[in-house]
4 protein chains.
Amino acid sequence: MSGGRRGVQRSETARMAILQATAALVARVGYDRTTVEGIAAEAGVGKQTIYRWWPSKSAVMLESLVEGVMLPHTFVPPDTGDIEADLASWLGAMAGFFQDPGNGSLLRSLITAAMDNEEIGARVNEQLGSLGKIEARLSRAEAAGQLRPGVSARLLNETFIGVVVTRLLARSTLTGDDVRELTALVLHGARP
Amino acid sequence: MSGGRRGVQRSETARMAILQATAALVARVGYDRTTVEGIAAEAGVGKQTIYRWWPSKSAVMLESLVEGVMLPHTFVPPDTGDIEADLASWLGAMAGFFQDPGNGSLLRSLITAAMDNEEIGARVNEQLGSLGKIEARLSRAEAAGQLRPGVSARLLNETFIGVVVTRLLARSTLTGDDVRELTALVLHGARP
Amino acid sequence: MSGGRRGVQRSETARMAILQATAALVARVGYDRTTVEGIAAEAGVGKQTIYRWWPSKSAVMLESLVEGVMLPHTFVPPDTGDIEADLASWLGAMAGFFQDPGNGSLLRSLITAAMDNEEIGARVNEQLGSLGKIEARLSRAEAAGQLRPGVSARLLNETFIGVVVTRLLARSTLTGDDVRELTALVLHGARP
Amino acid sequence: MSGGRRGVQRSETARMAILQATAALVARVGYDRTTVEGIAAEAGVGKQTIYRWWPSKSAVMLESLVEGVMLPHTFVPPDTGDIEADLASWLGAMAGFFQDPGNGSLLRSLITAAMDNEEIGARVNEQLGSLGKIEARLSRAEAAGQLRPGVSARLLNETFIGVVVTRLLARSTLTGDDVRELTALVLHGARP
DNA sequence: TCCTAAGCGAGACGGTACGTCCGGTCTTTGC
DNA sequence: GCAAAGACCGGACGTACCGTCTCGCTTAGGA
């Protein structure tokens with residue numbers, strides 16, 4: 001009947017120590033210079049305890065991310081009733097967060113990791129702008145007559161995240177003016 | 001008098017072999033798994049010949065990119081007089097090009113490279129959408145009364161590139177519908 | 001009433017499985033490449049069951065040896081009345097046994113084990129040539145006037161074992177001629 | 001024409017540093033506890049420089065031995081004209097040398113190494129008693145009428161080395177009395 | 001015409017990190 | 001309360017590349 005397995009169970013202590021050591025090292029020295037041996041040392045853990053549970057450094061990164069150890073919060077638009085202000089506030093929060101050099105370097109590292117790990121890519125997207133929350137906010141705005149029907153929440157989400165990432169690529173800052181301008185562009189359109 | 005230098009001159013053959021080997025390897029195995037020793041071997045060149053002229057792998061990448069060895073062409077919107085069609089055509093061309101798995105993987109590698117080399121980031125941006133060309137196209141559209149004045153070419157450029165990159169992150173495709181919808185969103189705005 | 005101890009007693013099945021697995025592995029892959037984990041797996045036993053009862057791999061080896069699981073028999077000279085023939089027969093038996101590649105490799109493993117475990121060294125000596133038996137045989141020969149008094153049984157024993165070991169070191173065979181020659185060499189000096 | 005190879009030649013400095021570090025570590029901590037990483041560190045050399053030129057730890061050992069870095073000298077009988085005294089002196093020199101705990105542990109390590117490397121076995125034999133030198137000494141003794149003709153130098157050599165090795169196995173000392181007794185045992189038979 | 005200063009392919013060097021293997025300890029569950 | 005299972009920390013293994021260095025060769029001015 002049972003099938004229950006014998007032996008010691010996986011240590012949650014070790015798991016969390018690893019995820020936290022990973023986040024700490026990535027923030028401190030960047031993704032490239034974060035080594036598995038370094039994580040093990042920082043976590044006070046044997047290297048094999050990492051390789052037993054994760055196939056690669058980027059998988060550890062991913063889990064650290066998913067567990068919310070790495071990025072402290074997801075970015076979600078508020079709801080003040082004014083859709084334009086709310087979207088600007090959301091974009092501004094992301095822009096402000098990644099303006100900090102440490103956080104910018106962290107996101108660069110995550111994107112590097114995402115580029116050779118599909119799951120991390122999906123997860124980074126999700127943590128930057130949680131699609132469900134965006135959809136909810138937009139449908140409320142639509143119901144309030146602030147948006148025309150049928151606007152794709154997904155594309156709008158990607159537009160904002162995309163600009164943040166593009167500025168990261170180019171190492172330039174997304175200013176308050178840029179935030180307002182992009183929000184206006186998207187909401188009012190470029191046509192006269 | 002002269003000051004002209006003696007000895008063998010830098011070998012253009014070796015230089016091109018290195019740039020091409022780099023492009024080939026990045027396309028074949030990705031940026032991370034491309035090694036300087038691999039490039040040297042692929043190019044039939046000594047390792048020192050690379051380190052003599054470039055400080056790092058990413059610098060070689062950059063030059064390969066700048067020389068057009070890596071990405072075959074820049075993406076520039078046409079000018080048919082219809083700004084909406086032209087922008088859609090430009091975005092569609094990028095989307096179509098990177099839909100090919102090889103090209104998609106190449107762009108992923110370029111972005112990875114960009115993440116640790118600022119100049120590559122700038123260059124990738126430029127090769128995807130050359131800002132000057134976009135500005136020119138937009139100002140013609142503005143003159144033709146198709147756009148309201150003051151629309152930021154830079155933000156529009158980044159919006160399009162950003163969405164391409166974001167889809168690349170998530171490994172999902174930018175369809176023809178997406179292209180039309182994004183173009184419309186940007187040009188007409190989300191408000192009713 | 002009882003005072004006897006409670007709980008399951010040590011499993012003789014496990015103990016023998018371990019000793020036999022040890023012998024099998026040492027014969028198959030040699031002492032160095034025999035691992036405690038390998039023994040546990042081969043014996044179908046937990047690793048701790050080994051460490052609970054033995055302090056080290058070489059201790060398991062030793063017990064396997066002592067229990068006769070490893071070397072099937074001790075080598076003892078016969079007593080036909082002719083000391084020279086009897087010693088030659090004893091030496092020939094050892095030489096013949098270790099000529100078989102499997103047995104040779106086993107003895108090499110035993111010697112390796114002996115080199116880091118003093119007790120194994122003593123035990124191997126004893127199992128090869130049991131000193132007590134040799135002494136008994138020699139004193140009978142002495143009584144029969146075949147040997148001058150005072151010949152050291154221990155040195156004679158070591159001489160024979162030593163030559164076997166030396167040939168093992170050099171991977172060369174101790175032939176029938178060698179056996180006769182060595183016996184003669186040693187005995188003519190031992191004769192009155 | 002040439003076929004001579006280009007590029008930097010192997011560094012003799014690194015090679016000797018490695019051989020000496022190996023000898024030092026084996027003497028200090030024993031063969032088992034000598035690690036390739038330890039050798040590299042002791043020698044101030046990269047690990048790959050070891051693996052580039054030797055396939056295994058025991059191969060390095062062998063070369064250290066062959067180069068005379070490990071055992072400072074071969075043991076060879078003197079020639080005072082008195083064969084019995086000379087052989088006793090030779091055996092006594094070996095016994096005395098390996099009585100020193102460091103040297104004893106070194107020889108144990110060498111024998112361990114020899115047990116899984118045939119070439120080391122041959123070489124250890126050769127360095128302990130150089131067969132050629134023994135043969136020369138014995139044939140001089142034979143010419144001087146101190147030995148009956150046809151005594152096998154090889155067996156005599158092996159007898160002495162064998163006893164040294166056997167005592168090493170049993171961790172017991174070969175005393176001056178043992179030396180005299182063994183020499184006498186062997187020689188009285190060898191006299192005409 | 002010779003001399004000399006590059007650049008070249010080759011590849012050894014001291015290092016760092018990889019991912020695997022095993023040692024010896026400890027903990028959980030089942031008999 | 002022993003046995004199996006197996007997770008844990010530690011640390012060596014052998015491999016892959018890094019960026020630097022030297023070697024012997026070839027070629028192109030300048031003397």
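Numbers restart at 1 for each chain; the letters A, B, ... are given by sequence-line order, proteins then strands.
Summary of the strand contacts: B:V8 and A:R33 both lie near DNA chain E, and taking for each the nucleotide with the nearest heavy atom, the more 5' one is attributed to B:V8. Taking the nucleotide of DNA chain F with the nearest heavy atom to each of A:A40 and B:Q9, the more 5' of the two is matched to A:A40.
Contact between the side-chain N/O atoms of A:R52 and the OP1/OP2 oxygens of F:dC8 is found at a separation under 4.0 Å. Residue A:T49 places at least one side-chain N or O under 4.0 Å from the OP1 or OP2 atom of F:dC9.
Shown here are the side-chain hydrogen bond (donor to acceptor under 3.5 Å, both in side chains) partners of C:E37, two or more places apart in sequence or in another chain: C:K47. With sequence neighbours left out, C:K57 forms a side-chain hydrogen bond (donor to acceptor under 3.5 Å, both in side chains) with no residue at all. Residues forming a side-chain hydrogen bond (donor to acceptor under 3.5 Å, both in side chains) with A:R28 (at least two apart in sequence, or on another chain): A:E42. Considering only residues two or more places apart in sequence or on other chains, B:I111 meets the side-chain contact (heavy atoms from CB on, under 4.5 Å) condition with A:I111, A:M115, A:L169, B:L107, B:M115, B:V165, B:L168. For C:E119, the side-chain hydrogen bond (donor to acceptor under 3.5 Å, both in side chains) test picks out no residue, with sequence neighbours left out. A:E67 is linked by a salt bridge (Lys or Arg N to Asp or Glu O under 4.0 Å) to A:R15, counting only residues two or more places apart in sequence or in another chain. By the side-chain contact (heavy atoms from CB on, under 4.5 Å) test, A:S56 is found to be paired with A:S58, A:A59, residues two or more places apart in sequence or in another chain being considered. For D:S11, the side-chain contact (heavy atoms from CB on, under 4.5 Å) partners two or more places apart in sequence, or in a different chain, are D:T13, D:A14. Under the side-chain contact (heavy atoms from CB on, under 4.5 Å) criterion, D:V29 pairs with D:R33, D:T34, not counting sequence neighbours.
Using a 4.0 Å heavy-atom cutoff across all strands shown, B:W53 reaches sugar-phosphate atoms only and no base atom.
Considering only heavy atoms from C-beta on, D:W54 stays 4.5 Å or farther from D:I39 through its side chain.
Contacts of residues 10-32 of chain B with DNA chain E (heavy atom under 4.0 Å): B:R10, B:S11.
Residue B:E42 contributes atom CD, which lies 17 Å from atom C1' of F:dC17 at whole-angstrom precision. To the nearest angstrom, C1' of E:dC18 lies 12 Å from CD1 of A:I50.
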(message) Applying side chain to side chain contact (heavy atoms under 4.5 Å, CB included) to C:M61 and C:L110, what does each step give before you reach the verdict?
(response) CA-CA 8 Å; C:M61 274 280 287; C:L110 287 173; 3.6 Å; yes
Shorter than 3.5 Å, N or O on both sides, protein versus nucleotides 12-16 of chain F: list them out with atom names.
residue : atom : partner : partner atom : Å
F:dC13  : OP1  : D:V36   : N            : 2.9
F:dC13  : OP2  : D:V36   : N            : 3.1
F:dC13  : OP2  : D:E37   : N            : 3.1
F:dG14  : OP2  : D:Y51   : OH           : 2.3
F:dG14  : O5'  : D:Y51   : OH           : 3.3
F:dG14  : N7   : D:K47   : NZ           : 2.9
F:dG14  : O6   : D:K47   : NZ           : 2.7

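Remark on the helix from E:dT1-F:dA31 to E:dC31-F:dG1: inter-end axis angle 0°, axes from five-pair C1' superpositions, rounded to 10°.
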